[in-house]
Amino acid sequence: MAGLDPVHRDFFAGGAGEERTVRANAAAFDRLRLLPRVLRATGTPDPGLTLLGAALPGPVLIAPTAFHRLAHPDGEVATARAARDTGTVLTVSMAATTPIERIADTGARLWFQLYPQPDRDFTAHLVERAEAAGVTALVVTVDSPVFGRRERDLRNGFLDLPAGLVCENLRDPATGRIRDIVMDPSLGWDDVVRLRTTTRLPILVKGVLHPADAAEAVARGLDGVIVSNHGGRQLDGAVATIDALPAVAAAVRGRIPVLLDGGVRRGADVVTALARGASAVLIGRPVLWGLAAGGRDGVAGVLTELHEDVVRVMALCGAATLADLPPDLVREVRP
Ligand SMILES: Cc1cc2nc3c(=O)[nH]c(=O)nc-3n(C[C@H](O)[C@H](O)[C@H](O)COP(=O)(O)O)c2cc1C
Ligand SMILES: CCCCC(=O)C(=O)O
């Protein structure tokens, strides 16, 4: 990756522990094969969908990832311009290196990812700030009661952002200082539900793998679940997301959208996830590689190529719309 400091590349690429779950996300897709239908006279497929009331051109969204200005000087603004120009959603990380207002100025459709902080007033301030900037959903990350052990970062001594970069959205309104992000092991369902008292935004929980937790999200009146293991960066040894998805989808029974991230790289992966019950997917690292390689254009290239691949794979599977992707499209094969 031209221009990307190897220490930062390791931060982006790496996961927790042995990186078993990083590999598992990809390996699990590799154990699944498509069983296409033929002669369905589909014409050019339409991968469009409606998600949380918004019409989107395709089922690939951008997962929240920290520190975009490590990848490119234009950082989150470049990513947002690519999202805007391709019509997809950018989920802005709470650990973004650009103020949410500047990202929103691009006109992109944004969701905001939140680690609820033990300081409830500060959490409420953050949510209000994001809502005022114009984000249309809140993504609460729930797989991080503690920080994963990122061994590449430990070996590299990557602890802090370089001088000049900060988590701009962690600025304390009273002191003007940047707060540290706290991973809160005391966080519970009640805390997530309590966010309703601060915001009218739809709330998705990100980092659900167990079907009972997905059922709890529905029972608690939340608006969506994201099947995710944080790209293998939190619990090393956690199940691959595409393996966890069918049971989650069965528990949710279509009552709220189920999204998935982790190892989605090709149109076939997107189609596989949708056939297994996802409404849409998100991609993390591919966006960072595009950003590092070419700023806005690099990210737009990644998004456009993947979108075109989804359309191609739909055609090759005999699907005219995303509704034509049933579970029997996917077969498990021996590794
Ligand atoms: C460098 C990096 C930073 C990330 N930062 C965040 C974050 O701030 N908040 C969050 O909820 N998830 C974060 N994630 C996890 C992603 O949202 C997503 O779950 C994961 O990257 C999906 O897997 P993929 O990279 O294989 O597509 C991060 C992932 C990476 C690779
Ligand atoms: C304190 C930044 C957290 C970013 C994150 O979630 C990740 O690196 O996976």
Side-chain angles (χ1 to χ4, degrees), residues 1 4 7-16 19 21-29 60-71 75-76 79 89-98 100 111-117 126 138-150 152-153 158-161 165-170 178-184 187 204-209 225-236 238 240-242 244 259-266 269-270 273 278 280-292 302-303 306:
M1 215 56 58
L4 192 54
V7 169
H8 301 156
R9 183 178 54 212
D10 267 352
F11 168 71
F12 289 147
E19 302 188 346
T21 297
V22 176
R23 289 191 297 279
N25 281 342
F29 276 113
V60 179
L61 289 68
I62 302 177
T65 53
F67 309 159
H68 286 198
R69 287 179 66 198
L70 285 182
E76 288 83 4
T79 313
V89 171
L90 165 60
T91 312
V92 175
S93 167
M94 178 163 152
T97 41
T98 308
I100 184 66
W111 294 354
F112 187 77
Q113 177 265 329
L114 180 75
Y115 294 111
Q117 298 296 285
L126 256 173
L138 211 56
V139 171
V140 179
T141 300
V142 297
D143 58 16
S144 304
V146 295
F147 202 60
R149 185 182 153 87
R150 319 271 173 85
R152 297 197 206 201
D153 297 341
F158 179 68
L159 297 170
D160 271 320
L161 284 168
L165 297 191
V166 294
C167 290
E168 290 283 354
N169 299 296
L170 273 286
I178 301 287
R179 290 184 168 223
D180 287 333
I181 295 180
V182 179
M183 304 281 178
D184 183 4
L187 194 71
L204 299 93
V205 278
K206 171 175 181 281
V208 169
L209 294 170
V225 299
I226 304 178
V227 176
S228 174
N229 52 35
H230 215 111
R233 297 164 70 82
Q234 286 296 107
L235 174 61
D236 189 36
T241 52
I242 195 64
L259 281 65
L260 171 140
D261 72 28
V264 174
R265 300 293 179 264
R266 296 279 172 172
D269 304 331
V270 178
V281 300
L282 307 94
I283 55 172
R285 294 181 184 85
V287 167
L288 294 168
W289 305 143
L291 183 62
V302 166
L303 294 169
L306 188 51

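Start at 1 and go down the list; that is how both ligands and their atoms are numbered.
When each of Arg150, Arg233, Arg152 is paired with Glu19, the side chain to side chain donor-acceptor pair (under 3.5 Å) condition holds for Arg152 and for no other.
Here the side chains of Leu288 and Leu4 are not in contact, with every heavy-atom distance at 4.5 Å or above. Contact annotation: the side chain of Gln117 approaches that of Met94 to within less than 4.5 Å [non-hydrogen atoms, C-beta and beyond]. Here the side chains of Thr79 and Thr65 are not in contact, with every heavy-atom distance at 4.5 Å or above. Counting only heavy atoms from C-beta outward, the side chains of Phe12 and Leu70 approach each other to under 4.5 Å. For the pair Asp184/Pro116, no side-chain contact is recorded, criterion being any heavy-atom separation below 4.5 Å from C-beta on.
When the side-chain contact (heavy atoms from CB on, under 4.5 Å) test is applied to Ile100, the partners found at least two apart in sequence or on another chain are Val92, Leu110, Phe112, Arg129, Ala133, Val135, Asn169. Considering only residues two or more places apart in sequence or on other chains, Ala273 meets the side-chain contact (heavy atoms from CB on, under 4.5 Å) condition with Ile242, Leu245, Leu260, Ala278, Val281. With sequence neighbours left out, Phe158 forms a ring-ring contact (aromatic ring centres under 6.0 Å, His included) with His8, Phe11.
For atom 2 (C) of ligand 2, the closest heavy atom belonging to the protein is Ala95 CB, 3.9 Å. Atom 1 (C) of ligand 2 has as its closest protein heavy atom Ile181 CD1, 4.0 Å.
The distance from ligand 2 to the heavy atoms of His230 drops below 4.0 Å at these ligand atoms: 5 (C), 6 (O), 7 (C), 9 (O). Atom numbering of ligand 2 starts at 1 in the shown order; those under 4.0 Å from a heavy atom of Phe11 are 8 (O). Close contacts of ligand 2 with Tyr115, meaning ligand atoms under 4.0 Å from a residue heavy atom, involve 5 (C), 6 (O). Those atoms of ligand 2 with a heavy atom of Arg233 less than 4.0 angstrom away are 7 (C), 8 (O), 9 (O). Listed by atom number, the atoms of ligand 2 under 4.0 Å from Ala66 heavy atoms are 4 (C). Per-residue contacts place Arg150 under 4.0 angstrom from the following atoms of ligand 2 (heavy atoms of the residue considered): 7 (C), 8 (O), 9 (O).
In this structure a side-chain-to-backbone donor-acceptor pair under 3.5 Å is present from Arg285 to Ala13.
Heavy-atom distances between Gln234 and ligand 2 stay at or above 4.0 Å for every pair.
Taking a heavy-atom cut-off of under 4.0 Å, ligand 1 is surrounded by Phe11, Phe12, Ala63, Pro64, Thr65, Ala66, Ser93, Gln113, Tyr115, Thr141, Lys206, Ser228, His230, Gly231, Arg233, Asp261, Gly262, Gly263, Arg265, Ile283, Gly284, Arg285, Leu288.
Defined by atom type and a distance below 3.5 Å, a donor-acceptor pair is missing between the side-chain atoms of Thr241 and Asn229.
Heavy atoms of Phe12 found under 4.0 angstrom from ligand 2: none, in either backbone or side chain.
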